[in-house]
Amino acid sequence: EAVGLGVAAAMKAGDWCFPSYRQLSTHLYWNVPLERAMAGLMGNAPEHVREHLPVAPEDAPEVTFIPYAVFLGTNVPNAVGSALADKLNGRRQVTFAFVGEGTTSEGDFHDGLNFAGVLETPCVVIVQNNQWCISVPSARQTAAATYAQKAIAYGLPSERVDGNDLFAVYDAAKRAADRARSGKGATLIEAVTYRVLDHNTSDSSAVYRTEDEAAYWQTLDPLERFERYLTSKGVLKEQDREAIWKRAETELRERIDRGRGVPPTPPQTMFLSHLHGDPGWSVRHQQAELDAELAGANPFVDFTGEGLQ
Amino acid sequence: EAVGLGVAAAMKAGDWCFPSYRQLSTHLYWNVPLERAMAGLMGNAPEHVREHLPVAPEDAPEVTFIPYAVFLGTNVPNAVGSALADKLNGRRQVTFAFVGEGTTSEGDFHDGLNFAGVLETPCVVIVQNNQWCISVPSARQTAAATYAQKAIAYGLPSERVDGNDLFAVYDAAKRAADRARSGKGATLIEAVTYRVLDHNTSDSSAVYRTEDEAAYWQTLDPLERFERYLTSKGVLKEQDREAIWKRAETELRERIDRGRGVPPTPPQTMFLSHLHGDPGWSVRHQQAELDAELAGANPFVDFTGEGLQ
Amino acid sequence: MNKASESVDTMQEMNLVGAVNHALRFELARDPRVRLMGYDIGPIGGVFRATEGLYDDFGPERVIDTPLSENGLIGAAVGMAIRGERPVVEMQFLGFLYNAWGQFIYTLSNLHQKTGGLLDVPVTIRTTFGGGIKPLPFHSESTEAYLMHSPGIRVVCPSTPAEAKGLLLASIRSDDPVVFMEHTRMYRAFREPVPLGDYTLPLDRCRLVQEGDDITVIAWGQMVHHAVTAAGATDASVEIIDLRSLAPLDVEPLLDSVKKTGRCVIVHEARRTAGPGAEISALINEYALEWLKAPVKRVTGFDIHFPDNQTEDAYLPGPVRIGAALDAVLGYQF
Amino acid sequence: MNKASESVDTMQEMNLVGAVNHALRFELARDPRVRLMGYDIGPIGGVFRATEGLYDDFGPERVIDTPLSENGLIGAAVGMAIRGERPVVEMQFLGFLYNAWGQFIYTLSNLHQKTGGLLDVPVTIRTTFGGGIKPLPFHSESTEAYLMHSPGIRVVCPSTPAEAKGLLLASIRSDDPVVFMEHTRMYRAFREPVPLGDYTLPLDRCRLVQEGDDITVIAWGQMVHHAVTAAGATDASVEIIDLRSLAPLDVEPLLDSVKKTGRCVIVHEARRTAGPGAEISALINEYALEWLKAPVKRVTGFDIHFPDNQTEDAYLPGPVRIGAALDAVLGYQF
Ligand SMILES: Cc1ncc(C[n+]2csc(CCOP(=O)(O)OP(=O)(O)O)c2C)c(N)n1
Ligand SMILES: Cc1ncc(C[n+]2csc(CCOP(=O)(O)OP(=O)(O)O)c2C)c(N)n1
Ligand SMILES: [Mg+2]
Ligand SMILES: [Mg+2]
């Protein structure tokens with residue numbers, strides 16, 4: 001994914017990132033432990049994952065990634081608030097937020113960019129325009145010719161770049177990050193790319209789009225383009241290429257296995273991270289019910305509120 | 001208010017209007033019974049007002065006005081849906097929606113205009129930019145130089161007009177309405193004006209803005225400008241002027257008095273317009289409680305659910 | 001309802017999602033004012049395929065794919081409804097409705113009252129809810145309590161394919177806004193004969209699932225089936241009521257049943273505190289206290305956001321937990 | 001709390017809005033991370049003047065006027081909070097929070113759980129609620145039940161100026177998101193001595209307003225005062241509890257009181273069905289049934305959107321309606 005990688009290269013230690021679910025490359029670039037993501041994908045609770053996959057302080061990513069926004073668009077106002085905190089404290093840090101082109105239709109996108117414009121917050125919002133919102137084509141998402149032009153509604157500068165051109169993405173992201181860092185406020189970047197695969201396992205894109213379309217975009221595969229470039233420049237030799245791929249694959253498999261290796265999350269973990277301090281009578285009571293149930297006792301025999309004896 | 005009046009003149013019988021609370025002139029132009037509005041302002045229930053201030057079918061306004069959106073911005077998606085209904089049924093009607101410039105910051109504005117662009121709905125959205133959102137100045141509302149340019153985010157055409165120039169407003173509204181009626185879709189109009197008075201009784205604009213500002217805008221009073229025009233053209237003679245004002249004032253007072261004359265709304269009216277048919281056991285029960293209370297009986301003596309005997 | 005009886009005879013085996021699809025097709029064909037709105041409901045037929053084939057057969061003016069905004073979706077549907085259309089909105093997941101809470105409360109549930117009955121808002125919101133398929137966070141919500149506390153709307157939840165047909169037809173034809181809850185876990189759980197004709201069910205009536213004398217169990221959706229399983233495992237005589245209408249509540253049959261059995265357990269996936277069961281328990285205690293032989297117990301999810309997939313099974317009520325509640329309440333003596 | 005005791009001595013008469021203003025000033029001066037956010041909170045000091053003078057004294061970086069978007073407001077505050085700030089948001093009216101329900105549920109109430117405790121979201125949302133001043137629709141909402149059913153947040157409601165000071169300081173200092181409910185009708189209703197020092201109250205404890213043996217009344221906000229009036233008009237010995245914390249519920253004192261009196265009336269302005277009283281009634285019946293001498297009654301608003309001004313008085317519970325409930329429940333015999 002050239003978009004995530006190009007932007008990642010424009011980030012600096014201390015920056016914050018509010019991703020969507022399409023920036024695996026960004027996470028990898030900043031050494032976000034893949035094994036943890038893997039364990040999370042397997043349905044483990046984050047407390048449990050951290051306990052079983054500790055990360056030494058010195059290995060902690062220097063860019064902070066918050067969990068991707070399952071509820072699309074909510075990360076944009078959050079990112080703007082994060083940037084506002086940096087600005088008000090005179091920190092020269094930048095906050096990055098990623099959304100898909102479909103997510104620009106959500107009110108959160110509007111709220112976030114408008115606040116960013118008025119409050120002049122040091123942030124960069126990247127619209128990863130892969131032309132599809134599950135089965136809904138971009139033309140059905142907005143009548144605007146580009147997503148970059150949506151910045152005009154908020155008095156913000158914007159750029160539109162080839163999302164499959166690593167360098168183009170990096171240049172735009174670098175310019176935007178520099179603007180933010182130098183106190184000149186927010187920028188919107190539209191990175192034009194394509195979702196070659198199905199959206200997810202329940203999707204079947206063959207129903208709503210042609211194979212030629214996907215095939216055409218295959219030819220623009222950013223990875224191949226980058227490889228060709230490196231090879232032509234002599235930076236990448238054939239034998240190295242092999243080696244690199246091998247290394248990547250083995251490390252990937254390793255990390256995935258480590259994530260898979262995490263034991264199942266104990267049920268009571270679900271009660272860990274809510275209110276600070278006393279969670280309150282009802283939650284304490286429900287916790288006791290679950291404990292009883294798991295211990296094979298009857299959780300419903302308290303009729304006096306004095307607890308399960 | 002030149003904005004409301006200019007747009008009103010561009011409406012046709014059969015059109016629908018989703019106003020904010022600043023289009024009294026639009027309502028008057030289309031003979032929306034002022035006495036009803038007055039009775040409503042006095043806190044009467046609409047069913048009760050209709051009963052006591054009947055309107056003969058032949059006097060019913062030919063443009064339908066829905067109650068203004070107390071929750072700012074909600075009228076925009078509603079108006080777009082209304083326009084979509086007209087479009088899908090091949091009706092050559094137009095839906096108009098009014099919002100203040102502050103309301104453009106709400107997600108509803110974004111949702112509505114984006115839908116309008118994609119679904120090409122026959123509607124006209126007017127941003128009445130009076131420079132203030134209660135105490136918040138326009139510069140604090142958006143970093144965009146104009147509100148008209150927000151249309152670019154949705155691929156919609158827009159116009160920016162002098163909101164104190166009745167003819168300019170009418171021309172723009174007419175062009176937009178014609179576009180919509182001829183199937184060319186939605187238009188955004190920014191009408192630049194000024195809120196000369198306080199927002200409401202609890203407001204005190206002296207705290208946050210200068211008198212000169214208000215004074216300057218006073219000189220642009222659309223009413224005076226229109227009068228001066230009519231007089232210069234000889235359409236309006238001094239003596240007529242007097243007469244017209246008198247007639248207007250007496251009719252106004254008359255209607256206000258008729259509104260004031262409506263007797264208080266009986267409490268039980270609050271239960272009238274909810275679900276169609278049976279409102280359900282609980283509401284029926286609560287209705288009986290209120291009846292009992294108003295009859296001086298104890299509403300809480302039903303301990304069996306069999307009702308209040 | 002007469003219409004129904006005519007044609008009830010001709011049946012076809014369907015699962016829940018099939019019955020929904022069939023019901024939508026039936027109404028699209030019957031009433032030109034019916035229009036489906038939502039994202040991904042067009043060519044792909046919805047992420048759960050509930051609208052499969054309808055775009056191809058009825059075209060883009062009857063099955064309308066919209067931009068990705070839940071609030072815009074409800075807002076536009078309301079605008080269409082007050083102009084005489086019968087929009088049927090697909091809210092992909094109940095958890096996404098939070099984004100549309102503004103339009104939901106301010107206009108959908110309120111315009112009828114606000115205009116003193118002048119405007120009707122006959123929008124049907126089809127939405128999925130419930131746990132079991134272990135998708136992403138906020139894709140397993142059971143927050144019907146938010147809906148039950150909101151006036152001016154109806155909320156119904158079918159627990160079988162045939163009920164889905166009858167209730168969905170009635171929902172679309174209702175002049176009130178209706179939220180129609182479809183349990184994701186039950187979409188393909190089982191099949192049953194569904195009337196192919198014009199079959200409607202009343203929107204505001206609960207359903208007696210099985211009669212019993214010792215204890216009353218009140219549930220809806222997926223939980224009805226777990227209750228039946230749990231009841232089968234006890235030798236007590238358990239009366240099970242499928243609430244079916246969450247708003248308005250069909251209170252009388254609930255009170256009558258508890259007055260008969262003297263004991264009651266309420267089951268729902270939703271969080272317990274200020275959840276649906278609280279209202280039902282409060283009503284029973286307010287109007288049937290004299291008949292109670294034991295406190296009413298609530299078998300529910302816990303007071304947290306729906307948890308991670310690996311702890312979900314311990315979060316959701318199942319036959320075992322329901323059985324424990326039955327034992328506890330049946331065993332209680334003053 | 002020690003700090004408090006030190007300085008409790010120095011008092012000053014204030015009304016509710018004055019105490020809120022004083023408390024905000026106190027925290028702004030004490031903690032540079034505290035920033036007020038909202039629309040109309042700057043130069044004009046809020047539509048109710050709760051932030052009057054603060055913009056002038058602390059400047060635009062501490063008292064931040066934002067564009068008109070409730071959802072953007074909460075979303076930005078959450079972003080600031082996870083970066084170490086202590087945003088105090090003014091939600092002009094509780095009824096406007098519906099526009100922000102997405103950010104409220106998806107991030108404000110959820111990010112702490114979602115990150116397994118890694119991120120804190122110490123946002124305080126000050127909002128007005130309640131009827132009595134007869135403004136526009138949706139400006140008199142009492143929909144705290146929506147909040148009570150939402151995990152991951154605290155909800156507190158002061159019923160006096162001094163309580164407002166103590167609870168607001170504690171809310172701002174809490175590491176949890178807190179909704180702080182200010183009753184519009186009570187802003188200028190009465191004055192009382194308010195500690196000028198560093199005075200905090202626990203966020204999760206109810207308050208015994210007056211002791212009694214015959215019946216327990218549970219209320220909050222404006223309703224506490226109506227309950228006191230109603231109690232004064234009966235010769236029964238009425239125990240009144242100010243719930244104060246709506247989430248989490250301080251259940252134990254409620255159960256103990258009802259176990260003592262055997263009778264209970266719950267009072268709130270909110271709609272009844274699936275309202276706050278339902279949960280309290282359900283808990284009492286679940287855990288104190290044996291002690292009950294009569295059914296628990298709920299004195300509440302009705303199941304409709306807050307009505308027009310002219311019928312509002314008949315909608316809202318007052319001393320008369322509360323008195324009737326006391327009589328009915330006190331007079332009940334098995
Ligand atoms: C608020 C909200 N609405 C809907 C969804 C369901 N959903 C998940 S992914 C997706 C497609 C998003 O498309 P886009 O924004 O273009 O991002 P892409 O997947 O193409 O990168 C949708 C609709 C969601 N997760 N959150
Ligand atoms: C959703 C919502 N948020 C806030 C308010 C409170 N409010 C009422 S009028 C107003 C000012 C609106 O300003 P603008 O949109 O510019 O309209 P104007 O009054 O200037 O015509 C505000 C904030 C509201 N009614 N609804
Ligand atoms: Mg996309
Ligand atoms: Mg304005």
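In what follows, chains are A, B, ... by sequence order, proteins preceding strands, each numbered from 1.
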How far apart are the closest heavy atoms of [X] and [Y], and which atoms are they?
{"X": "A:Leu275", "Y": "D:Gly152", "result": "CD2-C, 3.8 Å"}
{"X": "A:Pro279", "Y": "D:Pro248", "result": "O-CB, 3.8 Å"}
{"X": "D:Gly72", "Y": "A:Pro77", "result": "O-CB, 4.5 Å"}
{"X": "A:Pro67", "Y": "D:Thr115", "result": "CG-CG2, 3.6 Å"}
{"X": "A:Tyr68", "Y": "D:Lys114", "result": "O-NZ, 2.9 Å"}
{"X": "A:Phe115", "Y": "D:Ala76", "result": "CD2-CB, 4.1 Å"}

How many angstroms lie between atom OH of D:Tyr106 and atom CG of A:Leu72, to the nearest 0.5 angstrom?
9.5 Å
Looking at D:Lys259 and A:Glu306, is any side-chain nitrogen of the basic one under 4.0 Å from a carboxylate oxygen of the acidic one?
yes
Which bit of [X] comes within less than 4.5 Å of chain A, counting heavy atoms only: side chain, backbone, both or neither?
{"X": "D:Asn110", "result": "side chain"}
{"X": "D:Leu283", "result": "side chain"}
{"X": "D:Ile82", "result": "both"}
{"X": "D:Ala77", "result": "neither"}
{"X": "D:Arg62", "result": "neither"}
{"X": "D:Pro151", "result": "neither"}
{"X": "D:Glu61", "result": "both"}
{"X": "D:Glu286", "result": "backbone"}

Most contacts with chain D, counted as non-hydrogen pairs under 4.5 angstrom, among [options]:
{"options": "A:Glu47, A:Lys87, A:His274, A:Glu106", "answer": "A:His274"}
{"options": "A:Asp278, A:Val76, A:Asp86, A:Asn75", "answer": "A:Asp86"}
{"options": "A:Met270, A:His48, A:His110, A:His285", "answer": "A:His285"}
{"options": "A:Gly280, A:Ala79, A:Pro46, A:Gly73", "answer": "A:Pro46"}
{"options": "A:Gly305, A:Gly112, A:Gly277, A:Gly107", "answer": "A:Gly305"}

Test your reading of the model: is there a side-chain donor-acceptor pair from D:Asp176 to the backbone of A:His276, 3.5 Å cut-off?
yes
Close side-chain approach of [X] to [Y], heavy-atom, < 4.5 Å:
{"X": "D:Val78", "Y": "A:Thr74", "answer": "no"}
{"X": "D:Arg83", "Y": "A:Leu84", "answer": "no"}
{"X": "D:Met80", "Y": "A:Leu88", "answer": "yes"}
{"X": "A:Asp111", "Y": "D:Gln103", "answer": "no"}
{"X": "D:Thr66", "Y": "A:Val118", "answer": "no"}

For A:Arg260, does the CZ atom have more than 12 heavy-atom neighbours from other residues, nucleotides or ligands under 6.0 Å away?
no
Begin with the C-alpha distance, continue with both residues' side-chain angles, and end with the deciding distance and a verdict on side chain to side chain contact (heavy atoms under 4.5 Å, CB included) for D:Trp291 and A:Thr304.
CA-CA 9 Å; D:Trp291 290 267; A:Thr304 64; 3.9 Å; yes
Is the D:Tyr287 ring parallel, tilted or perpendicular to the A:Trp281 ring (thresholds 30°, 60°)?
perpendicular
Count the heavy-atom pairs under 4.5 Å between each of D:Leu289, D:Leu119, D:Asp120 and chain A, then report the option with the highest count.
D:Asp120
Report the C-alpha distance between D:Glu85 and A:Asn89 in whole Å, list the side-chain angles of each, state the deciding distance to 0.1 Å, and finish with yes or no for side chain to side chain contact (heavy atoms under 4.5 Å, CB included).
CA-CA 10 Å; D:Glu85 302 298 301; A:Asn89 289 285; 2.8 Å; yes
Please look at [X] and chain D and tell me whether the side chain, the backbone, both or neither of the residue comes under 4.5 angstrom of a heavy atom of that chain.
{"X": "A:Gln93", "value": "side chain"}
{"X": "A:Thr121", "value": "neither"}
{"X": "A:Ala116", "value": "neither"}

